[in-house]
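Structure, as structure tokens:
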Amino acid sequence: MEYNFRTIEQKWQQHWKDNETYKVSNSSSKPKYYVLDMFPYPSGAGLHVGHPLGYIASDIYARFKRLKGFNVLHPMGYDSFGLPAEQYAIETGQHPATTTEKNIATFRSQLDKIGFCYDWSREVRTSDPKYYKWTQWLFLQLYNSYFCNTQKKARPIADLIHKYATKGAMPKSGAPIPGTHFTADEWNGYSTAQQEEILAKRRLAFSAYGEVNWCEALGTVLANDEVVNGVSERGGHPVEKKKMRQWYLRITAYADRLLEGLDRVDFSDAMKEMQKNWIGRSEGAEIDFAIDGGEAPTLKVYTTRPDTIFGVDFMVIAPEHELVAQITTAEQKEEIEKYLTYVKSRSERERMAEVKQITGCFTGAYALNPFDGRKIPVWIAEYVLAGYGTGAIMAVPCGDQRDFGFAQHFHIPITNIIGEHYNGQEANPTKEAILENSGFLNGMVMKDAMGVAIDKLEEMGIGKRKVNYRMRDAGFSRQRYWGEPFPIVWKDGVAYPLDEKDLPLELPHVDTYGPGPEGEGPLANITDWVNLSDLTPNPSPKERGAAAQTLPGYMNSNTDEWRATIANAKAHRHKPTKEEDAMWQAVRNRQIKNCKFRRQHPIAGFIPDFVCLEQKLIVEVDGGYHTTEEQQQFDEAREKWLAENGFRMIRFTNDEILGQMPIVLQKLGEALSFGEGLGEVNETLKGEERQGEWVPRRETSTMPGYAGSSWYFLRYMDPQNEQTFCDRTVSDYWSQVDLYVGGTEHAVGHLLYSRMWTKVLYDLGLIGFDEPFKKLMNQGMIQGSSRYVYLLNFNKNEDLSKELQTPIFISEGIYEKNKNHKYVKGTELHDLIKEISIELYDEISTWGDYGFENSFTINRIRVDVNFVDGFELDIEAFKKWRVEYADAKFLFEDGKYICGSEVEKMSKSKYNTVNPDVLVDKYGADTFRMYEMFLGPVEMSKPWDTKGIEGVHRFLRKLWRLFFDDIKGKVWNDEKATDAELKVLHRTIKKIEGDTESFAFNTAVSAFMMCVNDLTDLKCNKKEILSPLLVLLTPYAPHIAEELWNALENSGSVLNAAYPVFDGKYLVEAEKEYPISINGKMRTTINIATDAEETEVKEIVLANEVVQKWLEGNAPKKIIFVKNKMVNVVV
RNA sequence: GCGGAUGUGGCGAAAUUGGCAGACGCACCAGACUUAGGAUCUGGCGCCGUGAGGCGUGUAGGUUCGACCCCUAUCAUCCGCACCA
């Protein structure tokens, strides 16, 4: 009877399915254990051998815990919303829902083959309305909550509103700041829009107008962690900064708690470190420096080193800093403007690529050192970021390398405050130096001086302690289709949440996936869905355009003329400037009835930046395009024509747009027939006064990929609940995820977001724990091991006759020996060619070794690893794969074609992926599972190598033969086990249990092999030994274990068997083979009774002839005896 | 530059508290069985050396009776962050 893994595995997989063996109950007398895998994004490429590594590890652990008597929750699902499906839809026209469904089916069948113990009745899909109903609901919880700075936790926004309405928001001391502080009466007098504007500053999910990472190619904004080196993480498209209205999660409010929580979870140091770096907490001080000359306000800087204040030689502020214009002196104005132009011209990517370049410009202004009155020049420079701290720094060149470089570059004198610690060659950021040249801080050690300096600054009222974070609030909206729609309706410029009973807000079906107008997502194209039907619909474009219908050169002109005009105008459209974008952002969302702004809409061949046809109002933003005389004449002609035809024009400068948007909106509003401003601050509107003028509109962006994954571990607990996202009693039972397994790539994205959501839910009392994952295990990446063939190219190829142009591939060894040669003649290669073509050899022999560069080159071509056995190429398979090489000739070494190799990321495009299905078909799931574990420690990255899988397969067959012989059939028996056999068993129990518990699955597999080898040697086929061994094996190789368990006539499933209990008595030995070292070097071993005492052992050791030989008749200097370990004789 | 991790045979790796370095497996070599072998079994397998023996865990030191393991310095590779004041 042979080990027929195909039949066995199929049989048991079906059996487990039919019997719902892996179904888990939410109530049990057993202790609970929650093992979770990071759920996959179902990509079209399917699984490769790298994906299941973590799943196998967690599956083993889940099964192990089950055998050890736990009620184990081990679910699986799909993170099925996301960009790739949508990109694919754009390319192929297939609906994301369709491709996602298909991909999930592929994943599922691949997963099923490996024999995982998931409870599939709990499957979740983030793109399922039944699931995202609760994602939307949770978003509303975030929207309806704020972070209370006193209690350091989330609370309902209603509490805050109540406080504002009854007590207002007044400062504890000092004068109230307009815009920040208000009384209850003032609050109650505010319009909804005004109140909302204030509340948006506190909500945990809020919308704001700010700088975002805009990716033109993807047509969406991205979160900071989705941007890598200035390009998008997915696809590698350029990313630029853009001002847009976006939704955000206030994750910064949780910065400290996210840091603190790391102390209470079992994550790797690397993982914790990554999160800490991302949060980037730093402690320091904000210091106000007066500007020399008086009028200007103070310059606020942030520093972590207030102790170095006497070493400040200059100030640097960000080019975007609001004070730049104000403090720049007349004589420096030109220089500064030149520099600002330069800065603006540089893309994010250029800045990143040229970090080392030192640039900057002096403003002409001086700040004053508050302690010694020293005049400090104020510079602007790119290296100071507007978004961090106060956007201004005090530069201490003797202590900071960047400041040092800057000072050197611009020849700014450097003050030394740290004596000999500063060598004049480079900065020294020490905190240990004793301060000099530092006024009242002289003689103090720097780290002690920090506190003293801050105290003094606080006392003087010009500084205070301040903690800063590098982390920003997380962008939460995407201009995409395939994501959760926001349960939000915009009305009168105010975001209104949907009622809970209206959830889920389902994603409407679309047929095209192109972006909506002007940076909006595809949803904006579905007007039926976007504009709410029970309210006045927006006029159609035709109606809106009616006002312009009678214009000469417009729609009433004859068709051909109109078309030509339009074509000409369209051809001259320009890429909008940053300012125009900002303007557009400001007007486009104002769905003002009978007043819609169009952008670069042609009118009689002119292209105004913006036009409202209904009101015949043109808005021009000065982009600086009209510089030539010709253009100016054109402008004049245009204005004349427009004026004659009843158009009015209003112009804004770029500076107005960027710096004074409220004023712009005010002016714009006045220019419209309403005669009022469009709003007060930014784009917040006087909603109530405008009531009826605005069309309610759904939010058209969708939530990002991490929305659904931030809470999925909770839904698994209670997946079918239609009343709530997860019943509190259920989440109290399952509580935290005990073991979370996944890759490191989610270190700062998903893991931070889900930790934050968990904390919010905890604060709101919806769950009972505030860290989602108790222990995190990161599986290593399985890299691909790519294979190459070497194609020989003769530069004189065209001179060769056709039949001599056959492609020639040379084996790796030949390549290595010849790759550095330029000329074939005289090389080993030359001689080898004789073997495959005497004609070619003769031809080459006629070539001189002069007259042309390089008579040959060698191309490396990737070859599919599946055609390579180790390093040896399967020539026939290769020829079939690349038909253009069907006639190719091969130069062998030792009769084989050996490929070159390189370790790199596993990916389809590199032809180095290995599909688990192939291996499962060939060796079976059990072999595959054990081999993946046997490769090495799970958390380590390693290249995949299929070769070794044979060894594991042989092991399973050898195990099988302990039960059944190919010829004799059944060989297992009911005989009584011997001590030696019991010793093997219990040694194995101990090892397997310990290794499994500590995730050392690779050594556990070794232990199984040793055990089977030993039992084979002992000719042990006894059920007494084999039965417990099968239980040990179940987590690793569940199919064969179940089959043999049943073959042994055991009752029930091995999955429900009791885990064997280790008994140390079987391992007790009377004698031990002691290693005997001479001077620490092992020379021999001696069998000595384990209970022998030191004196006795010493006697035995000294009597040993090997020891005698090494002693050469001398007495030993010393004898070290460690009981049950070793003996060391020092000579 | 900062932070984290890893360096051990031809290869993947093991060594649980400082105590026999290389378990287990791959590859390879020799042999047995066989019509055959990409099946199975037996033996060998760190390097140098015929041998005794010497050397050996990235490199250089140190602590120790004894170091892959602890300490110091240094090099290399991988991962993460990167003008964060």
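Order of the sequence lines sets the chain letters (A, B, ...), proteins ahead of strands, with each chain counted from 1.
Here B:rC20 is the nucleotide among B:rC41, B:rC20, B:rC24 with the atom lying nearest to any side-chain atom of A:Thr1085. Of the candidates B:rA15, B:rU42, B:rC26, the closest approach to any side-chain atom of A:Thr1003 belongs to B:rA15. Listed candidates were B:rA85, B:rC65, B:rG53. Nearest to the side chain of A:Lys1118 is B:rC65. Listed candidates were B:rC83, B:rA5, B:rC41. Nearest to the side chain of A:Asp269 is B:rA5. Side-chain proximity of A:Asn1013 to B:rC24, B:rG54, B:rG19: nearest is B:rC24. The A:Asn277 side chain lies nearest to B:rG80 when the options are B:rC20, B:rC24, B:rG80. The A:Ser1006 side chain lies nearest to B:rC24 when the options are B:rC41, B:rC24, B:rC20. Among the nucleotides B:rG25, B:rG19, B:rA23, the one closest to the side chain of A:Met1010 is B:rA23. Here the side chain of A:Glu273 is nearest to one of B:rG3, B:rG19, B:rG54, namely B:rG3. Looking at the side chain of A:Asn1128, the nearest of the listed nucleotides B:rG4, B:rC83, B:rG19 is B:rG19.
The minimum heavy-atom distance linking A:Lys910 with A:Lys905 is given by the pair CD-O, 3.5 Å. Considering all non-hydrogen atoms of both residues, A:Tyr753 and A:Ala474 come closest at CE2-CB, 3.4 Å.
Residue A:Lys1109 is classed as a sugar-phosphate contact, given heavy-atom separations below 4.0 Å to backbone atoms only. The residue A:Val1122 sits close to a base: some heavy atom pair falls under 4.0 Å. Residue contacts shown for A:Leu935 are limited to sugar-phosphate atoms, with no base heavy atom under 4.0 Å away. At a threshold of 4.0 angstrom between heavy atoms, the contacts of A:Val384 include nucleobase atoms, whether or not backbone atoms are also involved. Residue A:Pro943 is classed as having no contact, given no heavy-atom separation below 4.0 Å to the nucleic acid.
Rounded to the nearest Å, the gap between the P atom of B:rC81 and that of B:rG46 is 43 Å. Using P as the reference atom, B:rG66 and B:rC11 are 31 Å apart when rounded to the nearest Å.
With hydrogens and angles left out, the side-chain atoms of A:Thr415 and A:Asp313 include a donor and acceptor closer than 3.5 Å.
The phosphate of B:rG25 (OP1 or OP2) has no side-chain N or O of A:Arg954 nearer than 4.0 angstrom. Applying the 4.0 Å criterion to OP1 and OP2 of B:rA39, one finds that A:Arg957 has every side-chain N and O outside that range. Between A:Asn1002 and the phosphate of B:rG25, there is no side-chain N or O to OP1/OP2 separation shorter than 4.0 Å. The shortest distance between the side-chain N/O atoms of A:Arg1083 and the OP1/OP2 oxygens of B:rG54 is below 4.0 Å. Using a 4.0 Å cut-off, no side-chain N or O of A:Tyr302 falls inside it from OP1 or OP2 of B:rA85. Here A:Ser282 reaches the OP1 or OP2 of B:rA85: one of its side-chain N or O atoms lies under 4.0 Å away.
Using a 30° and 60° split on the angle between ring planes, A:Tyr1074 and A:Phe1121 fall in the tilted class, from 30° to 60°.
Geometrically, A:Arg1083 engages A:Trp1110 in a cation-pi contact, judged by NZ or CZ lying under 6.0 Å from the ring centre and within 45° of the ring axis.
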